[in-house]
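In what follows, a single structure is set out as structure tokens and then discussed.
These numbers were taken from a predicted model, which means no experiment stands behind them. Keep in mind that the numbers below use all heavy atoms, side chains included, and drop hydrogens, waters and symmetry copies.
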Amino acid sequence: MRSVGRVLVAVALLAPVSACAGAAAAPAPRPTATPSASKSASANPQPVTATMMDLIGGNAGRAVEQMGPGTEVSLKDVSGKGRSVDDPVEWKICETRPGPNQQITAYPVVLGVVRVAESCG
């Protein structure tokens, strides 16, 4: 009977998340590109890992959009000029941390970027 109670608690905890996923008031869980572990209702949740997409050469604005609003992303100017990245659409990706096809195990995901007209080199 005890395990049934745990299942009911887990269902009760997860039901509002799925029912209110579109609600602006409730913070959304961090989405991941390709989950390789499922979340569980426990006192010590384990981080969900995902594989970093190959974004090199792509538009930073589009990449941030693909990763979703709940994914913590940091944009860093890697030109050496130390500029602030105010509008990601005007920047292209030269490097990522973690690298392409590596596991994302910590946040923020860092996108090293330069202006679209500049070269990565």
Side-chain angles (χ1 to χ4, degrees):
M1 207 52 160
R2 209 172 165 174
S3 64
V4 172
R6 288 182 188 167
V7 170
L8 291 176
V9 170
V11 169
L13 290 173
L14 295 175
V17 172
S18 61
C20 300
R30 287 185 195 189
T32 55
T34 52
S36 62
S38 61
K39 290 185 178 181
S40 64
S42 74
N44 297 317
Q46 297 297 313
V48 175
T49 59
T51 302
M52 182 67 178
M53 298 176 278
D54 186 357
L55 302 171
I56 306 300
N59 182 275
R62 179 70 179 126
V64 170
E65 184 180 288
Q66 284 179 324
M67 296 181 108
T71 302
E72 189 178 348
V73 178
S74 176
L75 300 169
K76 179 183 177 193
D77 177 9
V78 293
S79 69
K81 298 177 183 176
R83 300 171 290 192
S84 175
V85 181
D86 295 327
D87 186 3
V89 174
E90 297 177 7
W91 298 76
K92 69 179 172 185
I93 302 167
C94 294
E95 60 185 53
T96 62
R97 276 191 314 251
N101 303 313
Q102 293 182 349
Q103 292 295 306
I104 300 171
T105 58
Y107 291 94
V109 169
V110 179
L111 303 180
V113 297
V114 297
R115 292 265 183 196
V116 171
E118 299 172 349
S119 66
C120 286

For V109, side-chain contact (heavy atoms from CB on, under 4.5 Å) partners two or more places apart = M52, M67, I104, Y107, L111
remark   = Between A60 and P88 the two heavy atoms that sit nearest each other are CB-O, 3.4 Å
inquiry  = Using every non-hydrogen atom in the two residues, find where D86 and S84 come nearest and quote the distance to one decimal.
reply    = OD1-OG, 3.0 Å
task = Could you list who else is in V110's hydrophobic cluster, with ILVMFWY side chains joined at under 4.5 Å, directly or through other members?
result = none
ask   = Should side-chain heavy atoms under 4.5 Å link Ile, Leu, Val, Met, Phe, Trp and Tyr, which residues sit in the same cluster as V116?
value = none
Hphob cluster co-occupancy, [X] + [Y], side-chain heavy atoms under 4.5 angstrom:
X: V64; Y: V78; result: no
X: V114; Y: V85; result: no
X: L75; Y: W91; result: yes

Name all pairs fulfilling the salt bridge (Lys or Arg N to Asp or Glu O under 4.0 Å) condition that reach into [range], sequence neighbours left out, sorted by first residue then second.
range: residues 101-110; value: none
range: residues 101-112; value: none
range: residues 103-121; value: K81-E118, R83-E118, E90-R115
range: residues 96-107; value: none

Could you tell me which residues satisfy side-chain hydrogen bond (donor to acceptor under 3.5 Å, both in side chains) with [X], sequence neighbours excluded, listed by chain and number?
X: S119; answer: none
X: E65; answer: R62
X: D87; answer: none

key: Spacing of L55 atom CG and T96 atom OG1 [to the nearest 0.5 Å]   = 6.5 Å
Spatial distance of atom CD (Q103) from atom OG1 (T51) [nearest 0.5 Å] = 4.0 Å
inquiry  = Strictly by disulfide (SG to SG under 2.5 Å), give each pair with a member in residues 69-98 just once, sequence neighbours left out.
reply    = C94-C120
query = Would you call V113 and K76 a side-chain contact if the rule is heavy atoms closer than 4.5 Å?
reply = no
